[in-house]
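Numbered from 1 within each chain, the chains take letters A, B, ... in sequence-line order.
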There are 2 protein chains.
Amino acid sequence: MASPARKPVVPDYTVKAGAHERTVKAGTRQRALIAALALFDAQGVEATTIEQVRDAAEVSIGSLYHHFGSREGLVTALYEDLLERYRIALMAELSKHDTPRSFLDTFVKTHIAWSVRHPDAARFLAEHRYHRAVTMAEAKLQRGTAEFMRPLMLLFRPAVEAGILKPVAPDVLISLVVGPVQAWLRSHRAGKASLRPDLAAKQLADTIWDAIAVPTTARKTRKT
Amino acid sequence: MASPARKPVVPDYTVKAGAHERTVKAGTRQRALIAALALFDAQGVEATTIEQVRDAAEVSIGSLYHHFGSREGLVTALYEDLLERYRIALMAELSKHDTPRSFLDTFVKTHIAWSVRHPDAARFLAEHRYHRAVTMAEAKLQRGTAEFMRPLMLLFRPAVEAGILKPVAPDVLISLVVGPVQAWLRSHRAGKASLRPDLAAKQLADTIWDAIAVPTTARKTRKT
DNA sequence: TAATTTTCTAGAAAAATATTCTAATCAATC
DNA sequence: GATTGATTAGAATATTTTTCTAGAAAATTA
């Protein structure tokens, strides 16, 4: 029934260069995902039918069901595909930094920049972060937010012990970092943001730092 | 087609007192909404059919369509109904406070407490905050997050001018307040929260305050 | 209260949509 | 170049949503 092995590793994405629109022919699965994202972004997930995906992707119904098992399977597959792209983009940047502060700056900046550059993907991911099927799939895969947060926690925990970050619960710490960024992006998507993304990223990173860091004036050395 | 006037004002909700389960008979519309919420919470929105709602609510298909116009109409109506309840509960608490700090504390505490007390409603609202139909309905009604944030901004703007709060963009300010709370609730729903809700509320309010407030050590009087 | 109008309820019929199934094609391996 | 497994195709089937017509209840008017 469900697709058996098929690694979630993302194959070569179709990129069109500027005006030439040189859409490299991709495999059935990839074509379906691309078409689905476009449709979902334009009219919402609930409103798009399998037939619309078939027409847009020029793929038969049979192939669609062969690859994704069901309508919901398509949605979940797209979510995982996009999440993986996002994760790779984020990790590539994060790996360059190793202090809590630069880590935070980079996280906020990269997250926002990526979301602005890929509005359709970012919107889809945001809309579906809360979805049942996705949540369950994440739970099974041990992925999702938790996965992204692991390196963050790895870096933050020692900082907490060193007295650089406040001794708040890990989930509170993560919420303070991730929450504002997601909330701002939502307002940005809704057209209610007053700031350019890069400026907002700056303000967010600065203020979030004040939320999580022990003020330098009050900082004492601990343990030794 | 669509329901014409029918005020979104919420009629008397069915409450069952303790073990006696005295479910007061409510109107068709209300029965449908209650049944829908239970089904949505148990199996997700996409997975529940109109027929299931009909059976659970003991209401005919015709009535369902008469009241809500469509399947999506039911979802939207439920969203608006629950949002209104939440809004009323929140405003009742917020109206008692008039300094930025106590306002923040109350907002965080009330939001979390209400979400914990009404897990099904809170989860539904969270899942659908990002939904297309709901977003559009909100835009039309000028409601949603913006509505809640108005009193908050009304209080915060002067505080920014007085130098008590940092001079950050309004949307950033709101994101800093709302984002962490929503993010924490999500982790709580997923069973990943390590803290009791009331303690988390305390930590969140304290840290969010540090994010948005000008530190007392650096506070200068402005404008006279 | 009786007549009249409007709103609401009912469920069968129709339309739209998702899923299954069987056969045909393609690609790789022996 | 046969055999095997994976993929594609789309007609047939099953499920689900929506419409439609008629009757019941409630509200309104006389």
Side-chain angles (χ1 to χ4, degrees), chain A residues 1-9 11-12 14 25-36 38-40 42-79 81 128 131-134, chain B residues 1-9 11-12 25-36 39-40 42-79 81 128 131-134:
Chain A
M1 294 293 150
S3 50
R6 192 165 278 285
K7 290 278 180 65
V9 176
D12 51 307
T14 291
K25 174 98 168 191
T28 300
R29 183 188 159 89
Q30 211 48 227
R31 278 216 309 288
L33 290 177
I34 292 168
L39 286 166
F40 291 168
Q43 24 174 280
V45 175
E46 310 226 345
T48 88
T49 70
I50 294 283
E51 296 203 335
Q52 287 178 314
V53 174
R54 176 201 57 189
D55 293 344
E58 297 186 318
V59 161
S60 76
I61 296 283
S63 298
L64 250 23
Y65 275 85
H66 174 73
H67 282 289
F68 304 108
S70 69
R71 199 190 111 99
E72 188 176 279
L74 171 62
V75 176
T76 305
L78 179 59
Y79 182 83
D81 188 290
H128 287 262
H131 261 207
R132 212 165 223 77
V134 157
Chain B
M1 296 291 151
S3 49
R6 192 165 279 284
K7 291 278 179 66
V9 177
D12 51 308
K25 176 98 167 188
T28 300
R29 183 189 158 89
Q30 211 48 226
R31 277 215 310 287
L33 290 177
I34 292 169
L39 286 166
F40 291 168
Q43 26 175 275
V45 175
E46 310 226 344
T48 89
T49 69
I50 294 283
E51 296 203 335
Q52 288 178 314
V53 175
R54 177 202 57 189
D55 293 343
E58 297 187 316
V59 160
S60 75
I61 296 283
S63 298
L64 252 22
Y65 275 85
H66 173 74
H67 281 290
F68 304 108
S70 68
R71 200 190 110 99
E72 188 176 278
L74 171 62
V75 176
T76 306
L78 179 59
Y79 182 83
D81 188 289
H128 287 262
H131 262 206
R132 214 166 223 77
V134 157

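Protein atom NE2 of B:His66 is 4 Å distant from nucleotide atom P of C:dC8, rounded to whole Å. Rounded to a whole Å, the CG atom of B:Asp55 is 13 Å from the P atom of C:dA10. Atom CZ of A:Arg31 and atom C1' of D:dT7 are 12 Å apart (whole Å). Protein atom CZ of A:Phe68 is 16 Å distant from nucleotide atom C1' of C:dT19, rounded to whole Å. The CD-P distance, from A:Glu58 to D:dT8, rounds to 14 Å in whole Å. Whole-Å rounding puts the B:His67 NE2 to D:dA25 C1' distance at 12 Å. When rounded to the nearest whole Å, the span between CD1 of B:Ile61 and C1' of D:dT21 equals 16 Å.
With rounding to the nearest 0.5 angstrom, the CZ atom of A:Arg29 is 10.5 Å from the NE2 atom of A:His66. A:Phe68 contributes atom CZ, which lies 10.5 Å from atom OG1 of A:Thr76 (distance to the nearest 0.5 angstrom). Atoms NE2 and CG, from A:His67 and A:Leu74 in turn, are 11.5 Å apart once rounded to the nearest 0.5 Å.
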Report, one pair per line, the protein and nucleotides 14-18 of chain C atoms (nitrogen or oxygen only) whose separation is under 3.5 Å.
| residue | atom | partner | partner atom | Å |
| --- | --- | --- | --- | --- |
| C:dA18 | OP1 | A:Arg71 | NH1 | 3.2 |
| C:dA18 | OP2 | A:Ile50 | N | 2.9 |

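An OP1 or OP2 oxygen of C:dT9 is reached within less than 4.0 angstrom by a side-chain nitrogen or oxygen of B:Ser63. Contact check, A:Ser60 against D:dA9: a side-chain N or O comes under 4.0 Å of OP1 or OP2.
Counting only heavy atoms from C-beta outward, the side chains of A:Arg71 and A:Thr49 never approach each other to under 4.5 Å. A:Gln30 places a side-chain heavy atom less than 4.5 Å from the side chain of A:Leu33.
Here the closest non-hydrogen pair linking A:Tyr65 and A:Ser70 is CE2-CA, 3.8 Å.
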